[in-house]
Protein chains: 2
Amino acid sequence: MALVSYVLNGKEKESRVGQEIAGKIKQIASELGYQPNHLAKSLRSGKTHTIGLIIADISNPFFANIARVVEDEAKRHGYTVIIGSSDENAEKSRDLLNVLINRQVDGFIIVSAEDSQEQVQYLKDKKIPFVLLDRYFPAIQTDFVSTNHYKAAYNAGVHLVKNGYKRIGMIAYDSQLFHMQERIRGYVEALTDNHIPFQEHWLKRVRISAIEQGVKAAIDEMMASEQPVDALIFATYSLAINGLKYINELRLNVPGDLAIVSFGQAEAFDLYYCPITYLKQPIGLLGQTAVELLVKKLKEPQAEPSQILMEAELIIRASSKTKSLVNN
Amino acid sequence: MALVSYVLNGKEKESRVGQEIAGKIKQIASELGYQPNHLAKSLRSGKTHTIGLIIADISNPFFANIARVVEDEAKRHGYTVIIGSSDENAEKSRDLLNVLINRQVDGFIIVSAEDSQEQVQYLKDKKIPFVLLDRYFPAIQTDFVSTNHYKAAYNAGVHLVKNGYKRIGMIAYDSQLFHMQERIRGYVEALTDNHIPFQEHWLKRVRISAIEQGVKAAIDEMMASEQPVDALIFATYSLAINGLKYINELRLNVPGDLAIVSFGQAEAFDLYYCPITYLKQPIGLLGQTAVELLVKKLKEPQAEPSQILMEAELIIRASSKTKSLVNN
DNA sequence: CCCAATTGCTTAAACGATTAAGCCGAACGT
DNA sequence: ACGTTCGGCTTAATCGTTTAAGCAATTGGG
């Protein structure tokens, strides 16, 4: 049995296996279609060559595509991926983490859910390799790959200002997650940097658990004031979908009554009667880089954490066109 | 060590373990936070409690949602899911199958790609448990859960006829897969059963590898004839997305110039300026049932295959409203 | 009082792969 | 000729768990 192992792992030289028997072993192995048993290998080596991918919401096309990229990239590196969706829920996230730790995944790629900071700290303390994707905690030193959410939102805000919009609102999640805070900060600073005093009532925070009603209420409030907003930034894809549906119901005209810019990307934005300007995150690069960082981390667990920010691209469409041109 | 195993597996009675030591073992186990090693368990038992899910295209929201349901349901049964996307490609599907077999998954749930019939036959010959989902091969006796694609398409066709449309086209994939044949058959029979002689040029088959150009060409041809179609059924979600984009470009009015019914479901259909009538497949039930069948199969490998067809629901929206009412 | 059954615990083999260590014979050097 | 080295192959321990089998000591019946 030992010889078989040596030969099939290409250690014939180091282990001084004879030419003759080496050949015979190879031949017989291929005749029998021998496949080594991953479990036994893993049990012995302590490496499963499996990555746990925990994402916040698989039904969101952004994350679904991230999952796809991560899976492909992991395969290129010889890893299998086990995907779990935490559904933006810290408890489910914890369960998933435990299941996957129990399954001895070699490491994690995580899109963190709300209130999951302690889980990240736990992984760090336990020295379980992981890379945060898209969302990270500035208070914890970790590897991460993320979009520069601040700058993306800032660019969106500036774009609307430059196109002549004066009262620019944002609907965001009522979330403590850093990426959401950054999006809000970018939006606010885009206004103030461009001589538009930010008004508190332009910013609405919607609870993720009551997104439909929340978005409706937010839009109602924004439009009901004496000076209704003339442009709106949706801080996430789901907010945009709900918001656009409601805007349709209200028979508001985009961009005539309300210009729109949204985070996220999806076919839905192309099909809207007025194609939606959106922030395109570099999905492929994000996913690939996350896998690369994790693989690196698995090779040298002691290395300094890599922290990578990438730029989102503002894809400009009709929903935010220059105000003076609207209704032409 | 043996005692530990007995106690922690609740076999204290059968294996006559003393009360005293049993209690001590439990206490110590919980103190140490003992977690059994899945790999060792699997190596010994030959069961990994892992299901391989191979889907045709993870970036399609229908399949993404299927994946989510399957994952949740599997977890309820104590199984972990490894997801792979074959991207509608038989070779990638074969690779995935091999990787997962090598990982000793207990069984598969498969949404088959084109030309993957032999792979299914292979699994059957090797007696590897599996359940086909959404797509199946009538020539091979297997477990499957699927929508009744024939009836769904038939209902869509009848609906359009009843609403006064006379020249009803379909854009389908150029695929030999049975579900696609069934959708086409349903569409054709809906017409002929309702005294509308089917015209060959109403049916266009688009190659999946060139979907964008294919759909454009198909629509061009359909609209260019002397008697252009007045209603169109998209046989899949992706066809619809591409088709609707092009219909927008052509500035065709839905349903005035062209009524639309599509398979699949997505936010995009709600956001379209004229909400799209679509066939809603019972995603939750399909996924749950697939897991249940597989779990059953894993328990009794010899049982007769279960073959389950479910009904799609036609969700009627403005895109197919009664022709006489259009433009009111 | 002795053999049998029962109870409570220990040993060890097995799953499949890896790998250090051991063993034997041939070649080689002095 | 004798010790050393090397090539070529075999043994066995290990990973963590399960489970059949074995072994004492205690209890029970006749």
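Bear in mind that the values here come from a model prediction, so they are computed numbers and not experimental data. In what follows, chains carry the letters A, B, and so on, assigned in the order in which the sequence lines appear, proteins first and then strands, with residues in each chain numbered from 1.
Between the side chain of A:Asp106 and the backbone N or O of A:His49, at least one donor-acceptor pair lies under 3.5 Å. Put simply, the side chain of B:Ser15 never gets that close to the backbone of B:Val17: no donor and acceptor are under 3.5 Å apart. Between the side chain of B:Gln176 and the main chain of B:Gln181, no donor-acceptor pair closer than 3.5 Å is present.
Between A:Tyr136 and A:Phe178, the ring planes lie perpendicular to each other; the angle is over 60°, past the 30° to 60° tilted range.
Counting non-hydrogen atoms of neighbouring residues, nucleotides and ligands closer than 6.0 angstrom, the CD atom of A:Glu14 exceeds 12 such neighbours. Crowding of B:Glu118 atom CD: a count of heavy atoms from other residues, nucleotides or ligands under 6.0 Å exceeding 12. Environment of CD in A:Gln19: sparse, with no more than 12 heavy atoms of neighbouring residues, nucleotides or ligands closer than 6.0 Å. Residue-environment remark: CD (B:Gln121) exceeds the threshold of 12 foreign heavy atoms within 6.0 Å. Atom CD of A:Glu31 sits in a crowded spot, with more than 12 heavy atoms from other residues, nucleotides or ligands closer than 6.0 Å.
Residue B:Lys11 contributes atom NZ, which lies 12 Å from atom C1' of D:dA20 at whole-angstrom precision. As rounded to whole Å, 19 Å separates atom P of D:dG16 from atom CG of B:Leu3.
Of the two residues near DNA chain D, B:Tyr34 and A:Ala2, the one whose nearest nucleotide lies more 5' is A:Ala2.
Here the closest heavy-atom approach between residue A:Ser59 and residue B:Arg68 is recorded as OG-NH1, 3.0 Å. Taking both residues in full, the closest heavy atoms of A:Leu177 and A:Ala113 are given as CD2-O, 3.9 Å, listed atom of the first, atom of the second, then distance.
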Do any N or O atoms of the protein come closer than 3.5 Å to N or O atoms of nucleotides 21-26 of chain D, and which pairs are they?
{"from": "D:dG22", "atom 1": "O6", "to": "B:Arg16", "atom 2": "NH2", "distance (Å)": "3.3"}

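Residues of residues 35-45 of chain A that place a heavy atom closer than 4.0 Å to DNA chain C, in numerical order, are A:Gln35, A:Pro36, A:Asn37, A:Ala40, A:Lys41, A:Arg44. Contact check of residues 17-31 of chain A against DNA chain C (heavy atom, cut-off under 4.0 Å) returns no residues at all.
The salt bridge (Lys or Arg N to Asp or Glu O under 4.0 Å) pairs that include a residue from residues 124-146 of chain A are A:Glu88-A:Arg135, A:Asp143-A:Lys297, where partners are two or more places apart or lie in different chains.
Counting heavy atoms from C-beta on, the side chains of A:Glu73 and A:Arg76 come closer than 4.5 Å. At least one side-chain heavy atom of B:Leu123 sits under 4.5 Å from a side-chain heavy atom of B:Ile110.
One end of the helix from C:dC1-D:dG30 to C:dT30-D:dA1 points its axis 70° away from the other end's axis, with each axis taken from 5 pairs and the angle rounded to 10°.
Distance check, rounded to the nearest 0.5 Å: CG of A:Leu286 to OG of A:Ser146 gives 7.0 Å.
Protein chain A touches strand DNA chain C; the 5'-most and 3'-most nucleotides with an atom under 4.0 angstrom of its non-hydrogen atoms are C:dG16 to C:dG22.
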